[in-house]
Amino acid sequence: MIRSQLKQLVDEGFARGVREGFWTDAAAGKYTVEVPKHEGQGDFSTNLALVVAGLEKCNPRQVATRLVELLGDEGPMIERLEIAGPGFVNFFLRPSVWSSVLAPIREQGERFGRAGFGAGEKVLVEFVSANPTGPLSVGHGRNAILGDTIARLLEAVGYDVQREYYFNDAGRQMRVLGESTRARYLELLGLESDFPEDGYQGDYIYDIARSLREEHGDRLKDADISVFKERAQEAIFADIDATLQRIGIRFDSYFNEHTLYEEGLIDDVVALLQEKGLVYEKEGATWFRTTALGLEKDRVIIKSTGEPTYRLPDIAYHREKFRRGFDRMINVFGSDHIATVPDVLAGVRALGYDDARVQVVLYQFVTLLRGGRQVKMSTRKATFVTVDELVDEVGVDALRFFFLMRKADSQLEFDLDLATQQSQENPVYYVQYAHARLCSIERQAAEKGLPVIDFEAAALDLLREPEEFALLKLMAEYPAQVAGAARDLAPHRMIFYLMELAGRFHSYYNRHKVLTDDADLTLARRCLCDGLKTVFRNGLLLVGMTAPTRM
RNA sequence: GCUCCCGUAGCUCAGUAGGAUAGAGCACAGGAUUCCUAAUCCUGGUGCCGCAGGUUCGAAUCCUGCCGGGAGCACCA
């Protein structure tokens with residue numbers, strides 16, 4: 001907000017310089033106004049002179065001098081300007097401008113930080129998309145939290161977001177699931193059973209088998225595999241659903257791969273690709289000529305058995321996303337899906353759609369540490385830790401926080417010992433405690449009989465401590481943080497922002513009292529704290545956490 | 001062999017579409033509570049930003065090659 005006002009001033013100065021022939025408009029939109037890294041370099045800084053000088057091949061310090069002349073060296077916001085280093089222009093603002101961030105925060109309340117630049121564009125965020133073969137494991141957890149938080153961020157900046165879960169209840173995996181369930185059922189009946197070699201070994205299969213036995217006795221001993229498969233799938237899906245609800249995630253739609261077959265959409269895609277000469281037969285299989293689209297080798301889309309490989313439905317599914325009218329499509333995938341992405345995008349492109357509208361967020365694997373040792377995980381062997389188990393141990397807030405703490409590109413080390421101990425080492429509490437403390441101050445104020453905050457009556461220029469300026473500056477950055485995190489699909493930035501704000505607040509709290517003997521100062525500081533509380537609350541809710549009022 | 005991600009302090013990681021003097025938490029050591037919650041704060045220091053070149057006024061950031069770790073490279077999803 002303050003930054004954007006300043007940016008406007010700089011833009012005007014730049015435009016005047018263009019009119020007066022000091023420079024061309026080549027640098028328009030290329031320079032920035034930023035908060036400098038180091039103390040003593042002003043409240044904001046622009047690299048305009050460096051950018052202009054680079055494009056026009058002239059001396060940056062001369063350009064900076066011109067700019068300073070054009071801007072005038074003071075004004076209602078600016079106290080003084082300074083040319084520094086290779087040609088930065090540093091802005092030193094009047095201290096009073098900082099407290100002006102409090103009014104909009106107060107007016108906008110829970111809307112503070114939201115933006116409208118998404119302009120109602122329709123975005124489909126597809127995530128989790130785990131086939132119902134077992135409970136959600138740690139890897140799915142990262143997917144779920146990432147996808148949901150990205151959706152929240154996009155909603156916050158004005159996109160019309162739809163959350164979708166794509167799944168497949170046919171196919172080999174599910175057949176194995178059915179066989180595994182039947183084997184357990186027969187085993188429970190004391191009958192001969194041959195558990196599939198690559199079957200699912202988790203105890204949850206026993207649970208499902210047990211419920212079948214209770215309901216049907218031994219009447220299913222000769223039943224078709226589909227009975228077992230359907231029952232298993234149903235039970236597991238209910239389980240997944242419960243887990244998701246528990247961690248605050250709901251989907252707007254579920255898309256079953258079945259639909260693509262039933263509505264002939266698979267055949268459509270093959271026919272369309274055929275028309276374009278991108279399909280051929282070889283060794284009994286149908287191949288997609290991806291080499292013609294710039295990829296390394298051709299891929300099979302229909303096996304010699306007549307069954308499609310995963311690529312074909314994936315392409316058809318993405319075609320449906322376009323046909324359903326989405327402007328942007330975001331997929332959250334584990335890094336093991338890396339190889340499939342180019343093929344699907346090539347398919348989309350071949351069908352005449354703009355694949356730039358499809359964005360894939362790939363996240364690296366989660367390694368689980370317990371007792372300092374890596375836990376090996378396998379879905380089949382059921383040696384995995386489930387999301388439910390994690391939530392049991394650490395709670396929803398810590399789960400979300402830990403999964404968001406790292407950028408998607410980084411492998412995430414989930415230290416169970418750290419996350420499970422509810423101690424001060426746990427950074428989750430650090431942030432939440434800041435909010436609880438702010439609430440506590442207001443409770444104290446009420447107990448002392450202080451009146452409700454009268455914002456209009458407050459003398460905000462009494463906020464003059466360096467720690468207060470630091471807080472106000474950081475609060476003013478909040479909307480830009482949300483916008484940046486949404487733009488780059490990078491939820492971890494919100495976590496880092498909140499940790500920094502919490503650090504500054506705790507530090508301030510220890511050094512200065514809010515509730516003092518000076519009524520005016522107290523009121524001003526309560527206004528500051530009120531604003532902080534709003535920012536913490538908004539930030540925590542935005543990433544799907546709670547903002548506790550006491551701890 | 002090929003593709004993608006990662007490599008920054010002892011450990012775990014940030015670094016916001018190249019910017020000024022490199023950042024945080026943890027760990028380690030010491031200190032702070034008659035006072036709004038000590039789940040807090042304060043004080044200590046550490047870096048060949050994996051290596052080598054290149055691009056430019058300027059590189060942890062961009063390009064090339066190499067080294068190390070991870071994920072892939074199926075008529076599995």
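Order of the sequence lines fixes the chain letters, A, B, ..., with proteins taken first and strands second; residue numbering starts at 1 for each chain.
One atom, CD of A:Gln62, and another, P of B:C57, lie 16 Å apart when rounded to the nearest Å. A:Tyr31 has its OH atom 16 Å from the P atom of B:A17, to the nearest Å. Between A:Leu450 atom CG and B:C36 atom C1' there is a gap of 11 Å when expressed in whole angstrom units. If you take CZ of A:Phe401 and C1' of B:C13, they are 12 Å apart, rounded to a whole angstrom. Atom pair A:Leu412:CG and B:U12:P shows a separation of 13 Å (rounding to whole Å applied). Computed from coordinates, the A:Asn510 CG to B:G31 C1' distance equals 13 Å when rounded to whole Å. Between the C1' atom of B:G19 and the CD1 atom of A:Ile83 lies a distance of 17 Å, rounded to the nearest Å. One atom, NE2 of A:His512, and another, C1' of B:C41, lie 12 Å apart when rounded to the nearest Å.
In this structure B:G7 sits in a base pair with B:C67, meeting the Watson-Crick or G-U test at under 3.5 Å. Base pairing analysis places B:U16 opposite nothing; no Watson-Crick or G-U wobble pair with both distances below 3.5 Å involves it. B:G30 and B:C42 make up a base pair, with Watson-Crick or G-U wobble contacts both under 3.5 Å. Pair assignment for B:C73: B:G1, on the basis of Watson-Crick or G-U wobble contacts that are both within less than 3.5 Å.
Base orientation of B:A17: syn, the glycosidic angle falling within 90° of 0.
Here the nucleotide nearest the side chain of A:Ser440, chosen from B:A60, B:A17, B:C36, is B:C36. With B:A20, B:C42, B:C36 as the choices, the nucleotide that has an atom nearest any side-chain atom of A:Gln41 turns out to be B:A20. Checked against B:G19, B:C41, B:C36, the side chain of A:Pro86 finds its nearest nucleotide in B:G19. Candidate nucleotides B:G19, B:A20, B:C36 were compared by shortest atom distance to the side chain of A:Lys513, and B:C36 ranks first. Here B:A20 is the nucleotide among B:A20, B:C42, B:C41 with the atom lying nearest to any side-chain atom of A:Pro36.
Close to B:G15, at under 4.0 Å from its OP1 or OP2, lies a side-chain N or O of A:His492. Distances shorter than 4.0 Å separate none of the side-chain N or O atoms of A:Arg61 from OP1 or OP2 on B:C57. Here A:His506 does not reach the OP1 or OP2 of B:A38: none of its side-chain N or O atoms lies under 4.0 Å away. Applying the 4.0 Å criterion to OP1 and OP2 of B:A38, one finds that A:Tyr429 has every side-chain N and O outside that range.
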- Under a 4.0 Å heavy-atom criterion, the protein footprint on nucleotides 3-11 of chain B, written with B, S and -, is -BSS-----

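Between A:Glu307 and A:Arg172 there is no salt bridge, since none of the side-chain N atoms of the basic residue sits less than 4.0 Å from a carboxylate O of the acidic one. Salt-bridge check for A:Asp11 with A:Lys7: passed, with a basic side-chain N closer than 4.0 Å to an acidic carboxylate O. The pair A:Glu467-A:Arg511 counts as a salt bridge, with a side-chain nitrogen and a carboxylate oxygen less than 4.0 angstrom apart. Between A:Asp169 and A:Lys229 there is no salt bridge, since no side-chain nitrogen of the basic residue lies less than 4.0 Å from a carboxylate oxygen of the acidic one.
Between A:Met475 and A:Phe112 the shortest side-chain heavy-atom distance does not fall below 4.5 Å. Taking 4.5 Å as the limit, some side-chain heavy atom of A:Tyr31 sits within range of a side-chain heavy atom of A:Thr46.
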Can you give me the N/O atom pairs linking the protein to nucleotides 75-77 of chain B at distances under 3.5 Å, or say none if there are none?
{"residue": "B:C75", "atom": "O2", "partner": "A:Ser304", "partner atom": "N", "Å": "2.8"}
{"residue": "B:C75", "atom": "O2", "partner": "A:Ser304", "partner atom": "OG", "Å": "2.8"}
{"residue": "B:C75", "atom": "N3", "partner": "A:Ser304", "partner atom": "OG", "Å": "3.4"}
{"residue": "B:C75", "atom": "N4", "partner": "A:Glu283", "partner atom": "O", "Å": "3.1"}
{"residue": "B:C75", "atom": "N4", "partner": "A:Glu283", "partner atom": "OE1", "Å": "3.3"}
{"residue": "B:C76", "atom": "OP2", "partner": "A:Lys303", "partner atom": "NZ", "Å": "2.7"}
{"residue": "B:A77", "atom": "OP2", "partner": "A:Tyr310", "partner atom": "N", "Å": "3.0"}
{"residue": "B:A77", "atom": "N6", "partner": "A:Tyr310", "partner atom": "OH", "Å": "3.4"}

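Residue A:Ala84 is in base contact, counting any heavy-atom pair closer than 4.0 Å across all strands shown. Within 4.0 Å (heavy atoms only), A:Lys448 reaches no atom of the nucleic acid at all. Residue A:Asn90 is in base contact, counting any heavy-atom pair closer than 4.0 Å across all strands shown. Counting non-hydrogen atoms under 4.0 angstrom, A:Ser507 reaches the backbone sugars and phosphates but no base. When heavy atoms are screened at a 4.0 angstrom cut-off, A:Ala436 is found touching base atoms of the nucleic acid.
Taking the six-membered ring for Trp and thresholds of 30 and 60 degrees, A:Phe167 and A:Phe237 have ring planes more than 60 degrees apart, a perpendicular arrangement. Relative orientation of the A:Phe505 and A:Tyr508 rings is tilted, given thresholds of 30° and 60° on the angle between their planes.
If you take atom C1' in B:U8 and the same atom in B:G47, they sit 8 Å apart, rounded to whole Å. B:A22 and B:C13 are spaced 14 Å apart, taking the C1' atom of each and rounding to whole Å.
Judged by a 6.0 Å distance limit and a 45° cone about the ring axis, A:Arg437 is positioned over the six-membered ring of A:Tyr509.
Remark: ring of A:Phe496 not stacked against base of B:A14; the cut-offs of centroid gap under 5.5 Å and plane tilt under 30° are not jointly satisfied.
A donor and an acceptor atom never sit less than 3.5 Å apart when one is taken from the side chain of A:Asn47 and the other from the base of B:A20.
Atom CZ of A:Arg537 has 12 or fewer neighbouring heavy atoms from other residues, nucleotides or ligands inside a 6.0 Å radius.
If A:Ser45 and A:Glu442 are placed on RNA chain B by their nearest nucleotide, the residue sitting closer to the 5' end is A:Ser45. Residues A:Val51 and A:Thr549 each lie close to RNA chain B; by heavy-atom proximity, the contact nearer the 5' end of the strand is made by A:Val51.
Closest non-hydrogen pair, A:Ala292 versus A:Leu278, comes out as CB-CD2, 3.9 Å.
Annotation: salt bridge (Lys or Arg N to Asp or Glu O under 4.0 Å) contacts of A:Arg289 (sequence neighbours excluded): none.
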